[in-house]
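Written out below as structure tokens is the structure these notes cover.
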There are 2 protein chains.
Amino acid sequence: MKHFSEISPAAERVVDVAEDLLQQHGYNGFSYDDVAQLIGIKKPSIHHHFSKKEELVAVVAQRYTHRFREELLRIEGQHSKAPDRLTAYAALFERTFVKNRRLCVCGMLGAEADSLPEVVVDEVQRFFKVNLGWLTSVIADGQSDALIKSQSAAEVLAEAFLCALEGSMVVGRGMRSPRGPAEVGNTFLFGVLT
Amino acid sequence: MKHFSEISPAAERVVDVAEDLLQQHGYNGFSYDDVAQLIGIKKPSIHHHFSKKEELVAVVAQRYTHRFREELLRIEGQHSKAPDRLTAYAALFERTFVKNRRLCVCGMLGAEADSLPEVVVDEVQRFFKVNLGWLTSVIADGQSDALIKSQSAAEVLAEAFLCALEGSMVVGRGMRSPRGPAEVGNTFLFGVLT
DNA sequence: GTCTATATTGTGATAGAC
DNA sequence: GTCTATCACAATATAGAC
């Protein structure tokens, strides 16, 4: 599979626009022509960079996961206590959602996963694994430090937290509500975990 | 808007199949021809029952919400304590998910809401409002009876619970994981609320 | 209620010139 | 890297016969 770091600047603009359309309309909700028109070039030029749609979307998801990992590192550098790290984590989702109720790339693709090419689902799976792994270790640390009082297994708490954040974007969009991940994350953290 | 209770048996079969396809592939992921082939008739026959796709999907969502309300009533009849009612509520989502990781109709439509006709989004919004209203009153009752210890506002707890359940289907599908709403609901209920 | 036939538009994708 | 031209097909939707 092509790697996002090895693509040209022109191809990167394609990925930028595709990411945006994906978050707003989903895999089956945008076309090569939509991407082309937003950039201001023609459809076959998109095929020049990514011959198949599944390749384009897989690269979008791949880069999205990479950037998420960079953010996780940044959070570790900026916050040392588990509750602060989890609040900052929820803020990542909130930042996406406040821009026109954009969905998480992998939340959208996760919903559609049943009718998606395998290369795409593989990337989605990787995103969730990375996030669950990180959350699990942060929560386990919080339990050791007695900053998180719930004694449920860190792994299942991590999953519930991630699900609440992903779900908040879906529900917030479906309800046309301004309420998003930050609020739901807060409820979870201060009504449940700590 | 057409009401699901006033449609013919033939039209109802169309709604049955459309609901299924919707849960598996989303609004933009199934076609009139898919519906026709699964029933064993031709595409224009579907148009005879529902001239536009948005009308068909709106009726699917409408009936889905109605059936959900019937289930909520049933839960009220079978369980009197708030935690039991919430566990039974999570089981509704689990029942959907265990069938080939099927998504909640309105969870799927909520994710896609940005590129959906307004008549459809209206129904999705109604579904979430109905569910949040019911959950809020159940949780408030549980707080009065001291069966739910969290003192956060019932409304925000309701939203977090619903988001966790909807999100669990999205994440479970994206991870190709068998873990679903029942487990996440459990974590929320016994690690957070009670 | 179902069909055949068809209009119209959009889609992912390719060939080959510049 | 971008273009024009084009293909093959699938989509929603309509007209009109049975």
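A note on names: the letters A, B, ... follow the listed sequences, proteins ahead of strands, and every chain is numbered from 1.
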_For A:Phe4 and A:His66, take the angle between the two ring planes, folded into 0 to 90°, and tell me which bin it lands in: parallel under 30, tilted 30 to 60, perpendicular over 60._
tilted
*Separation between CG of A:Leu38 and CD1 of A:Ile41, rounded to the nearest 0.5 Å*: 10.5 Å
*Is B:Glu19 reaching over with its side chain to a backbone N or O of B:Val57, donor-acceptor style, under 3.5 angstrom?*
no
*Criterion side chain to side chain donor-acceptor pair (under 3.5 Å) on A:Asp84 and A:Thr87, from CA distance to verdict*: CA-CA 5 Å; A:Asp84 295 337; A:Thr87 301; 5.3 Å; no
*C:dG10 phosphate, OP1 or OP2, under 4.0 Å from A:Ser31 side-chain N/O*: no
Distances under 3.5 Å between nitrogen or oxygen atoms of protein and nucleotides 13-16 of chain D:
from	atom 1	to	atom 2	distance (Å)
D:dA13	OP2	B:Lys53	N	2.9
D:dA13	N7	B:His47	NE2	3.1

*Would you mind checking if A:Glu159 and B:Arg179 are paired as a salt bridge, meaning a charged N to carboxylate O distance below 4.0 Å?*
yes
*Given atom CD1 of B:Ile39 and atom P of C:dG1, what is their separation to the nearest angstrom?*
12 Å
_A:Tyr32 six-ring face occupied by A:Lys53 cation (under 6.0 Å, within 45°)_ = no
_Check: A:Val35 main-chain N/O paired with A:Gln37 side-chain donor or acceptor under 3.5 Å_ = no
*Could you give the CG-to-C1' distance, from A:Asp33 to D:dT2, as a whole number of Å?*
15 Å
*Stems involving DNA chain C, each a run of at least 3 consecutive Watson-Crick or G-U pairs under 3.5 Å*: C:1-7 with D:12-18, C:9-18 with D:1-10
*Assess whether side-chain contact (heavy atoms from CB on, under 4.5 Å) is satisfied between B:Met108 and B:Gln23, documenting all intermediate values.*
CA-CA 7 Å; B:Met108 177 64 88; B:Gln23 291 179 299; over 6 Å; no
*asked:* Tell me whether the side-chain N/O atoms of B:Ser45 come closer than 4.0 Å to OP1 or OP2 in C:dC3.
replied: yes
*Got a donor-acceptor contact below 3.5 angstrom from the A:Ser144 side chain to the A:Ala140 backbone?*
yes
*Just how far, in rounded Å, is C1' of C:dT11 from OH of A:Tyr27?*
12 Å
*Respond yes when some side-chain nitrogen or oxygen of A:His48 is under 4.0 Å from OP1 or OP2 of D:dG1, and no when none is.*
yes
*Rounding to a whole Å, what distance do you find between B:Asn28:CG and D:dA10:C1'?*
14 Å
*Length of the line joining B:Gln37:CD and C:dT2:P, which is rounded to integer Å*: 16 Å
